[in-house]
Novice: 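If you scroll down you'll find the structure; I have some questions about it.
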Amino acid sequence: QQPVQSPQAVILREGEDAVINCSSSKALYSVHWYRQKHGEAPVFLMILLKGGEQKGHDKISASFNEKKQQSSLYLTASQLSYSGTYFCGTLPGAGSYQLTFGKGTKLSVIP
Amino acid sequence: DAGVIQSPRHEVTEMGQEVTLRCKPISGHDYLFWYRQTMMRGLELLIYFNNNVPIDDSGMPEDRFSAKMPNASFSTLKIQPSEPRDSAVYFCASSLKVGGEQYFGPGTRLTVT
């Protein structure tokens, strides 16, 4: 089952914060986050594992609520370079190979 | 490392023609994935390989699609015959370990007229 992302699109001014959510109807083992800029390939951001801690690098962080099968991606003090489409991908089990991606959230950061 | 390499980057073909997309994964990565991306359906997994062996091809749309991985450094995705609805961006990705981060190639933009 494809995870559901919200919002579908968001426009921010530089310096503002945003939260992108990813929900699944199935139990999850891990959630992966990727960012794709227009005309480019998706680029890995981070993985959150069941039972793991909140992760982050720079001003992008994420959490994983395994009871609710939800993950949230937090972008603080957004920069122009954060613009792109953010995808979450989910794995149901520890030995799973097959990432199922959400439809993406388009983030536009404007000056 | 050069990253995942795909060719061609763009392909325009007529309906009914055979199309072959190529991928070279990152050296040492045991997992290779083929994805298709469209506006309507998003990023869909078509097939993946582990150590050159196809593990799950349930995402392949129909028999017109086939994929091979003859060795650890090369994979192909073939569409025969191609149809306009096959128009999409096809990505190849590789991964070092099961469930690990995937490194995507630049993609092949396929247009079938």
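In the text below, chain A, chain B and the rest are named by the order of the sequence lines, each starting its count at 1. Atom set for the values below is all heavy atoms of this structure, side chains included, hydrogens, waters and symmetry mates excluded.
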Novice: In terms of heavy-atom pairs under 4.5 Å with chain B, which of Gln2(A), Lys103(A), Gln36(A) leads?
Specialist: Gln36(A)
Novice: Under the 4.5 Å side-chain heavy-atom rule for ILVMFWY, direct or indirect, which residues accompany Phe65(B)?
Specialist: Met15(B), Val19(B), Leu21(B), Leu32(B), Trp34(B), Leu46(B), Ile47(B), Phe49(B), Met60(B), Met69(B), Leu77(B), Ile79(B), Tyr90(B), Leu110(B), Val112(B)
Novice: Specify the closest pair of heavy atoms between Glu40(A) and Phe91(B), including all atoms of both residues, with the distance to one decimal.
Specialist: O-CZ, 3.9 Å
Novice: Are Leu96(B) and Tyr31(B) connected in the hydrophobic side-chain network, where two residues link if heavy atoms are under 4.5 Å apart?
Specialist: no
Novice: Got more than 12 heavy atoms from elsewhere within 6.0 Å of CG, Asp63(B)?
Specialist: no
Novice: How close do Pro42(A) and Leu43(B) get, counting heavy atoms only, and between which atoms?
Specialist: CG-CD2, 4.2 Å
Novice: Name the region of Arg109(B), side chain, backbone, both or neither, that has any atom closer than 4.5 Å to a heavy atom of chain A.
Specialist: neither
Novice: Under 4.5 Å from any heavy atom of chain A, what part of Tyr35(B) do you find: side chain, backbone, both or neither?
Specialist: side chain
Novice: If you round to the nearest 0.5 Å, how far is CD of Gln37(B) from CZ of Phe101(A)?
Specialist: 9.5 Å
Novice: Consider only side-chain heavy atoms of I, L, V, M, F, W and Y, link residues closer than 4.5 Å, and tell whether Leu73(A) and Ile11(A) are in one cluster.
Specialist: no
Novice: Flag yes if Phe74(B) and Val4(B) sit in one hydrophobic cluster, no otherwise; membership is Ile, Leu, Val, Met, Phe, Trp, Tyr, and two members link when side-chain heavy atoms are under 4.5 Å apart.
Specialist: no
Novice: I need the minimum non-hydrogen distance between Gln102(B) and Leu99(A), along with the two atoms involved.
Specialist: NE2-CD1, 3.6 Å
Novice: Establish whether Leu49(A) and Val98(B) are linked, either directly or via other cluster members, by ILVMFWY side-chain heavy-atom contacts under 4.5 Å.
Specialist: yes
Novice: What are the two closest heavy atoms between Ala41(A) and Pro106(B), and how far apart are they?
Specialist: CB-CA, 4.3 Å
Novice: Check each atom of Glu44(B) against the heavy atoms of chain A and say whether the ones under 4.5 Å are side chain, backbone, both or neither.
Specialist: neither
Novice: Flag yes if Phe33(B) and Ile5(B) sit in one hydrophobic cluster, no otherwise; membership is Ile, Leu, Val, Met, Phe, Trp, Tyr, and two members link when side-chain heavy atoms are under 4.5 Å apart.
Specialist: no
Novice: Does NZ belonging to Lys68(B) count more than 12 external heavy atoms closer than 6.0 Å?
Specialist: no
Novice: Measuring heavy-atom distances to chain B, does Tyr29(A) have an atom under 4.5 Å in its side chain, in its backbone, in both, or in neither?
Specialist: neither
Novice: Relative to chain B, which segment of Gln98(A) carries a heavy atom at a distance below 4.5 Å: side chain, backbone, both, or neither?
Specialist: both
